[in-house]
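Every chain is numbered from 1, with letters handed out A, B, ... down the list of sequences. Because the structure is a prediction, the values reported are computed rather than measured.
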Protein chains: 2
Amino acid sequence: MAEDTETCPWSELDADGSSLVVHDFLTKRLSTLMSTLRREVTLPYARSADLSIAEWRLLSLAAHSGSLPFGELVTQSTSDKAQVSRTARLLEQRGLVELRPETEASRKKLVCVVTEAGMRVYDEIIRNARRAQAQTLLILSRDERETLFRALEKLQSALGD
Amino acid sequence: MAEDTETCPWSELDADGSSLVVHDFLTKRLSTLMSTLRREVTLPYARSADLSIAEWRLLSLAAHSGSLPFGELVTQSTSDKAQVSRTARLLEQRGLVELRPETEASRKKLVCVVTEAGMRVYDEIIRNARRAQAQTLLILSRDERETLFRALEKLQSALGD
DNA sequence: CTGATTTTGTTGCATCGTCAACAAAGTGAG
DNA sequence: CTCACTTTGTTGACGATGCAACAAAATCAG
């Protein structure tokens, strides 16, 4: 084993897995990268529309399909329902989304509908964000990009989504 | 363009980057995975030693080399110096690390030295964590693992470390 | 050595995220 | 219909996190 420990220590693992040498854990690496991305990419874009990161995440989730049930918002966001509730209400106060009953008969179950104003904000940011991300991803080869996303996907579903 | 949009929409980007179709942004994917990993992997292990995630991160950083200057702790952790300061003091109160002046002459610059007790806690957790991570990584092919880590590394340094 | 400048760690504060308790609404067996 | 049970969104409380002001110490030019 370990023919290329220098350059790829993480590849050094066997079926048992106990010989993994990685001090540089996947979790650490991901968390470092995430924190950099938040600071350098997401935060600036969110701030350009005077949104917090949580607000931006919610708006973009809902805006992608125009509207989303409250429950879906909770499921798809990383946050819990408390955070989603408060953030959604903030977005509502600013006229970017509307929270209304799912059906006429019901009064409790809510849908989050993005307003015209919300859509404008979303479109504006998402365009820049797309370009910035694409620019960043260009430092990876096409194969690396594909493998990266596929690997992340696999890990996600292996961990029980 | 878009020969394989179905399976790999993210690979669809050109030099300008404007044609990137990714709704599924890298940031979103990473943040989802991170949050799952924290919940399913890191948190349980940290809790098994009654540590918060921040405490575990600090302890593992210092324990890897036995001791680490305070400044290095700040640099290598994702957190800022305030957080590091408070967390380190907590670890000190619990006898897992010792914070002492870097040299005899100095009184301010600190080194974080992991105690015997701290090392025992670290060793216990790290062993399990390694095994768990290795187990998870087994769902990726060797090539995918290598590419994944290399890609993450590249992105990190491209974003100005 | 001395005074000015920079580093370094601490503290206060505002924000964010999570947990748990709660109330209102929906659901279903009888 | 009705009573018990579940689901859903809100609220309060607390810990974690990040920012910025601050004081003590280190550094350095002269």
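- We find the CG-CZ distance between B:Leu59 and B:Arg94 to be 9.5 Å, quoted to the nearest 0.5 Å.
- Nucleotide C:dG17 holds its C1' atom 14 Å from the CE atom of B:Met34, rounded to whole Å.
- Under the 4.5 Å side-chain criterion, counting only non-hydrogen atoms from C-beta, B:Leu43 is not in contact with B:Arg38.
- Remark: the B:Thr36 side chain and the A:Gln156 side chain contain an N/O donor-acceptor pair separated by less than 3.5 Å.
- The residues B:Arg120 and B:Glu124 are annotated as not salt-bridged, no charged nitrogen and carboxylate oxygen being separated by less than 4.0 angstrom.
- The distance from the CG atom of A:Leu73 to the CG atom of A:Leu58 is 4.0 Å, given to the nearest 0.5 Å.
- Of the charged side-chain nitrogens involved, none lies within less than 4.0 Å of a carboxylate oxygen, so that A:Arg150 and A:Glu153 do not count as a salt-bridged pair.
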Protein-nucleotides 12-16 of chain D N/O pairs under 3.5 Å:
| unit_1 | atom_1 | unit_2 | atom_2 | d |
| --- | --- | --- | --- | --- |
| D:dG12 | N7 | A:Arg86 | NH1 | 3.4 |
| D:dG12 | O6 | A:Arg86 | NH2 | 2.8 |

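- With rounding to whole Å, A:Arg107 atom CZ is found 17 Å from C:dA23 atom P.
- Of the possible donor and acceptor atoms, one in the side chain of A:Ser157 sits under 3.5 Å from a partner among the backbone N and O of A:Lys154.
- Going from atom CG of A:Leu58 over to atom P of C:dG17 covers 11 Å, rounded to whole Å.
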What nitrogen or oxygen pairs link the protein and nucleotides 5-9 of chain D at under 3.5 Å?
| unit_1 | atom_1 | unit_2 | atom_2 | d |
| --- | --- | --- | --- | --- |
| D:dT8 | O2 | A:Lys108 | NZ | 3.4 |
| D:dG9 | OP1 | A:Leu110 | N | 3.0 |
| D:dG9 | N7 | A:Lys81 | NZ | 3.1 |
| D:dG9 | O6 | A:Lys81 | NZ | 2.9 |

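- In this entry the distance linking CZ of B:Arg39 with C1' of C:dG17 reads 14 Å, nearest Å.
- A:Arg57 comes within 4.0 angstrom of the backbone, heavy atoms only, and of no base.
- Side-chain contact check for A:Glu102 versus A:Pro69: some heavy-atom pair is nearer than 4.5 Å.
- C:dC16 atom C1' lies 15 Å from atom CG of A:Leu51, rounded to whole Å.
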